[in-house]
Amino acid sequence: MDLVSAPILEFVPHNIAVFRVLFAEPKDKKQYAKPIDFEFCEIRYSFEPVPVDDCDLIHKVSYSNSIMHFAFDKRQKPIYGYARWVNRQGKTGHWSKQFSVMVP
């Protein structure tokens, strides 16, 4: 089981203050699915560009094309985050590089 690669994320605006989160494993960028034996993709984020340890908000995505909601007052604000895979035993992969995306 490879815990080395970080997920590839795509945030698709779905509605006001709502994203659809798509993810893929770097080995197969065309397949929107988590790697075998992995439980979820953990996303830690903040509304300020801070290191991963200082991100106080966590979102877990078990399935690609899942919904991620935000409060209406967060609309048009950027989120700064990191993502990693978590397997069924609770072991974690490496954090991705920091990404940013604007809340729709």
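Note that these values count all heavy atoms, side chains included, but never hydrogens, waters or copies made by symmetry. Just so you know, these numbers come straight off a predicted model, no measurement behind them.
From Ile8, atom CD1 reaches atom OG of Ser64 across 11.5 Å, with rounding to the nearest 0.5 Å. Distance check, rounded to the nearest 0.5 Å: SG of Cys41 to CZ of Arg84 gives 10.0 Å. Of the inter-residue distances, the one linking Glu48 atom CD with Lys77 atom NZ reads 9.5 Å to the nearest 0.5 angstrom. The structure places CZ of Phe38 at 9.0 Å from CD of Gln89, a figure rounded to the nearest 0.5 Å. Atoms NE2 and CD1, from His69 and Ile16 in turn, are 13.0 Å apart once rounded to the nearest 0.5 Å. Rounded to the nearest 0.5 Å, atoms OG (Ser46) and CD1 (Ile79) are 9.5 Å apart.
Looking at Arg44 and Leu57, their side chains never come closer than 4.5 Å, going by heavy atoms from C-beta outward. Contact check for Glu42 versus Trp85: no side-chain heavy atoms found under the 4.5 Å cut-off. Contact annotation: the side chain of Val21 never approaches that of Asn65 to less than 4.5 Å [non-hydrogen atoms, C-beta and beyond]. At least one side-chain heavy atom of Lys74 sits less than 4.5 Å from a side-chain heavy atom of Phe47. Side chains of Val101 and Phe19 form a contact here, defined as non-hydrogen atoms less than 4.5 Å apart. For the pair Glu10 and Phe23, the minimum side-chain heavy-atom distance is 4.5 Å or more. Residues Phe40 and Tyr63 have side chains not in contact (no heavy-atom distance under 4.5 Å, counting atoms from C-beta outward). Between Leu9 and Leu22 there is no side-chain heavy-atom pair separated by less than 4.5 Å.
In this structure a side-chain-to-backbone donor-acceptor pair under 3.5 Å is present from Asn87 to Gly90. The backbone N or O of Ala83 lies less than 3.5 Å from a partner atom in the side chain of Ser96, making a donor-acceptor pair.
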- prompt: What's the verdict on side-chain contact (heavy atoms from CB on, under 4.5 Å) for His14 and Ile67, showing C-alpha distance, side-chain angles and the deciding distance?
  reply: CA-CA 8 Å; His14 178 68; Ile67 297 289; 3.8 Å; yes
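Ring centers of Phe11 and Phe99: under 6.0 Å apart, within the cut-off.
Closest approach of Pro13 to Pro104, counting heavy atoms only: CB-CB, 3.9 Å. Of all the heavy atoms in Tyr80 and Ser100, the pair that sits closest is CD2-CB, 3.6 Å.
Under the 4.5 Å side-chain heavy-atom criterion for grouping Ile, Leu, Val, Met, Phe, Trp and Tyr, Val18 is not connected to Met68 through any hydrophobic cluster.
Glu39 and Arg88 are joined by a salt bridge, as a carboxylate oxygen and a charged side-chain nitrogen come within less than 4.0 angstrom of each other.
Looking only at atom types and distance, the side chain of Gln98 has a donor-acceptor partner in the side chain of Tyr82 under 3.5 Å away.
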